[in-house]
Amino acid sequence: MKLTVLGGSAAGPNTGAGCAGFLVTEGDTAIVIDMGPGTLLELRKHLDFRLLNAIVISHCHLDHILDLAAFRYLAMYNPDPLTRRLPLFVPPGSVDRFSNWTSAFGDEDDETFLEDVFEMAEYDPATSLDIGSIAIAFSRTFHPVPAWAMRVAGPGSNDLGYSADTGPVALDCLTRFFSGVSLLISESTEPADTQDTADKRGHLTPQEAGTLAADAGASTLILTHRWQELGLELGADEAGATFSGQIMIARPGLSVFL
Ligand SMILES: [Zn+2]
Ligand SMILES: [Zn+2]
């Protein structure tokens, strides 16, 4: 299994880096997890978009979904268009939210903006989502909208964990969920000296990301969802206070084999 980072920024793009987006390939299977602003640009460097098997969305915040709208235009109006509808797996209960969101973009009388190119389905977090040779398990995070962390598995490969967006409340649930993953991609949005109490936070500090990776037994931590203004390298240093394994910073094009 191979991971390629497509973005790495927090709620808005950093200089030259889009938001949440990860390409995961395993054999002939290729999926993208989250498709935030600026990530489609990076995806085209690594994969023919027509070869994607599915897109899976962690939650409905704009920094995780905006390029779905761009993908729709790419897939429909490209001279070599997508000739089938691409499976798009969204969180439970969110299909209506997507319809409302995209109603601003369509032509008059167009009520199927995303459905024109996507086969939309809500995943069931209680069961594994199997896409080709990739299997994804889900765990609810602590965030202002329902958000789902993912554990990605492929045959003969170590597991990959993705925190999605989450605050530190009930982090032990995520620790159990990620137990034994080799690589953890964790959000690290908050400054180390945040004064907000845990129950007011929908995001982690780098130290908390490090704790999550250490307690889960991961060997590698990729810090993502990070504002450049807070210091990307500084975030790695802060995570190093709680995690002794390898720490990398999510940047467009970073690839890791599992
Ligand atoms: Zn986010
Ligand atoms: Zn979010």
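Since the structure is predicted, the reported quantities are computational estimates derived from the model, not experimental observations. The residues of the chain are indexed from 1 along the displayed sequence. Numbering of ligands and ligand atoms starts at 1, following listing order.
A donor-acceptor pair is defined here as one N or O able to donate and one able to accept, closer than 3.5 Å; such a pair exists between the side chain of Asn14 and the backbone of Gln228.
If you count the protein N, O or S atoms nearer to the Zn ion (ligand 2) than 2.8 Å, you get 4.
Note on Cys19: not counted as a metal contact of the Zn ion (ligand 1), no N/O/S atom lying under 2.8 Å.
Annotation: side chain of Ile55 is not in contact with side chain of Asp34 (no heavy-atom distance under 4.5 Å).
With a 4.5 Å cut-off between side-chain heavy atoms of Ile, Leu, Val, Met, Phe, Trp and Tyr, the cluster of Val181 takes in Leu171, Leu174, Phe177, Phe178, Leu184, Leu204, Leu212, Leu221, Leu223, Phe243, Ile247. Other members of the cluster containing Val169 are Phe142, with ILVMFWY side chains joined at under 4.5 Å, either directly or via other members.
When the salt bridge (charged side-chain N to carboxylate O under 4.0 Å, His left out) test is applied to Arg85, the partners found at least two apart in sequence or on another chain are Glu119.
A cation-pi arrangement is found for Arg72 relative to Phe113, the charged atom lying closer than 6.0 Å to the ring centre and inside a 45° cone about the ring normal.
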